[in-house]
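Structure first, then comments.
Here is how names work: the chains are called A, B, and so on, in the same order as the sequence lines, proteins then strands, and each is numbered from 1.
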Number of protein chains: 2
Amino acid sequence: MKDKFKEYASRMTAPREAILEFMSRSSTHLSAKEIYTSLHKKHPGIGMSTVYRTLDLLARMGLVTKLALGDGQNRYEFKAKDKSDHHHHLICTRCGTIINYSEFLEEELTLVRKTEKKLAKKYNFIIEDHNIEFLGICEKCKGSEKI
Amino acid sequence: MKDKFKEYASRMTAPREAILEFMSRSSTHLSAKEIYTSLHKKHPGIGMSTVYRTLDLLARMGLVTKLALGDGQNRYEFKAKDKSDHHHHLICTRCGTIINYSEFLEEELTLVRKTEKKLAKKYNFIIEDHNIEFLGICEKCKGSEKI
DNA sequence: TCCTTATTGACATTGATTCTCATTATCACT
DNA sequence: AGTGATAATGAGAATCAATGTCAATAAGGA
Ligand SMILES: [Mn+2]
Ligand SMILES: [Mn+2]
Ligand SMILES: [Zn+2]
Ligand SMILES: [Zn+2]
């Protein structure tokens with residue numbers, strides 16, 4: 001891992017190690033502040049700036065995904081190298097709940113690849129990633145509908 | 001249209017009409033400030049707050065889509081009722097360029113519907129919309145790669 | 001161990017979005 | 001057309017995520 005860091009022109013430091021370790025252990029979609037706060041218990045020294053800078057670095061390294069959901073703060077999620085970790089999102093527009101789903105149909109993956117190829121050619125684009133999200137009302141919010 | 005507004009608990013006002021009219025005429029993905037500035041020429045009276053409030057209203061009405069791309073400002077796009085207007089995005093992670101594409105394969109639409117149905121059932125979700133975006137490097141940015 | 005310099009953290013600053021509130025304008029009802 | 005209740009507005013303040021500044025620190029090659 002130290003090597004991977006160097007590749008991105010960086011020294012391996014304690015804060016970076018702590019943040020990466022923390023991210024790799026959490027499975028949710030966390031805001032920078034949530035990460036900062038959680039980390040603060042064991043690592044009181046780590047500042048907010050470093051959290052942002054490191055998350056940005058990890059995103060560039062491809063170890064973390066940055067999610068923009070339009071609620072005023074970005075969220076970050078660890079991305080295992082393991083392909084089986086790849087997933088898409090189901091987002092509740094009422095309460096913000098995010099569900100990961102990865103029970104893809106084979107068709108789904110095949111089609112994504114086919115579409116990528118088509119778009120890359122037509123628009124002369126290098127396609128590196130994709131986001132697919134379905135928006136709606138979650139189970140809980142459905143329940144507390146009538147007020 | 002006036003009726004549609006009322007349905008959403010609203011009076012029809014000059015600023016709202018101006019903003020809706022402007023949005024329906026533009027075909028890009030505009031930030032609130034861009035909308036404010038463009039509008040300011042013909043309607044110097046309209047304030048920033050009203051732009052935000054009206055965009056939010058239009059989004060709730062389903063006339064406008066709010067895009068969160070994680071670059072620190074949301075963008076808004078008019079959504080014609082016309083189904084043929086539906087499209088997905090191709091986004092350059094270097095320069096932010098957004099390309100609409102809508103040459104869907106039939107498969108694509110079929111699959112989205114099938115996936116929606118599957119997810120709705122499994123997670124007990126009411127699915128109302130979806131976003132699909134491909135990220136990468138656009139033609140222009142590919143050109144100015146080596147610096 | 002020493003030295004260069006990448007990295008850090010405290011703090012300031014920016015900038016998008018939201019809030020506040022006195023003023024204005026819409027529209028239902030005469 | 002006139003009136004009144006009140007929804008909506010706009011100027012400015014406030015909030016708050018994210019970025020910038022910079023002196024102090026620490027990583028790691030020599
Ligand atoms: Mn996820
Ligand atoms: Mn678009
Ligand atoms: Zn919900
Ligand atoms: Zn580009």
Kindly assign one of parallel, tilted or perpendicular to the pair B:Tyr36 and B:His40, based on the angle between their ring planes and the thresholds 30° and 60°.
tilted
Within this structure, what is the [atom1]-to-[atom2] distance between [X] and [N], rounded to whole angstrom?
| X | N | atom1 | atom2 | value |
| --- | --- | --- | --- | --- |
| B:Phe5 | D:dA7 | CZ | C1' | 14 Å |
| A:Lys33 | D:dA18 | NZ | P | 10 Å |
| A:Gln73 | C:dG15 | CD | C1' | 17 Å |
| A:Arg16 | C:dT7 | CZ | C1' | 6 Å |
| B:Leu30 | C:dT17 | CG | C1' | 17 Å |
| B:Lys6 | C:dT26 | NZ | C1' | 10 Å |
| B:Met12 | D:dA7 | CE | P | 17 Å |
| A:Asp71 | C:dT18 | CG | P | 11 Å |

Answer yes or no: side-chain N or O of [X] and base N or O of [N] forming a donor-acceptor pair under 3.5 Å.
| X | N | result |
| --- | --- | --- |
| B:Ser49 | D:dA11 | yes |
| B:Thr13 | D:dA7 | no |
| B:Arg11 | D:dA8 | no |

Note: A:Cys95 and A:Cys92 closest approach over all heavy atoms is N-SG, 3.4 Å
Residue of the set B:Ile132, B:Ile98, B:Leu69 for which side-chain contact (heavy atoms from CB on, under 4.5 Å) holds with B:His89
B:Ile98
Stepwise, does the salt bridge (charged side-chain N to carboxylate O under 4.0 Å, His left out) test hold for B:Glu103 with A:Lys118?
CA-CA 10 Å; B:Glu103 322 83 5; A:Lys118 190 185 63 175; 5.0 Å; no
If the threshold is 4.0 Å, N to carboxylate O, is there a salt bridge linking A:Arg75 and A:Glu34?
yes
Is [X] close enough to [N] that one of its side-chain N or O atoms is under 4.0 Å from OP1 or OP2 there?
| X | N | result |
| --- | --- | --- |
| A:Ser31 | D:dA17 | no |
| A:Asn74 | D:dA18 | yes |
| B:Tyr52 | C:dT18 | no |

At 4.0 Å (heavy atoms only), tell me whether B:Arg53 reaches a base, stays on the sugar-phosphate, or touches nothing.
base
5' precedence on DNA chain C between B:Tyr76 and A:Thr54 (nearest-nucleotide basis)
A:Thr54
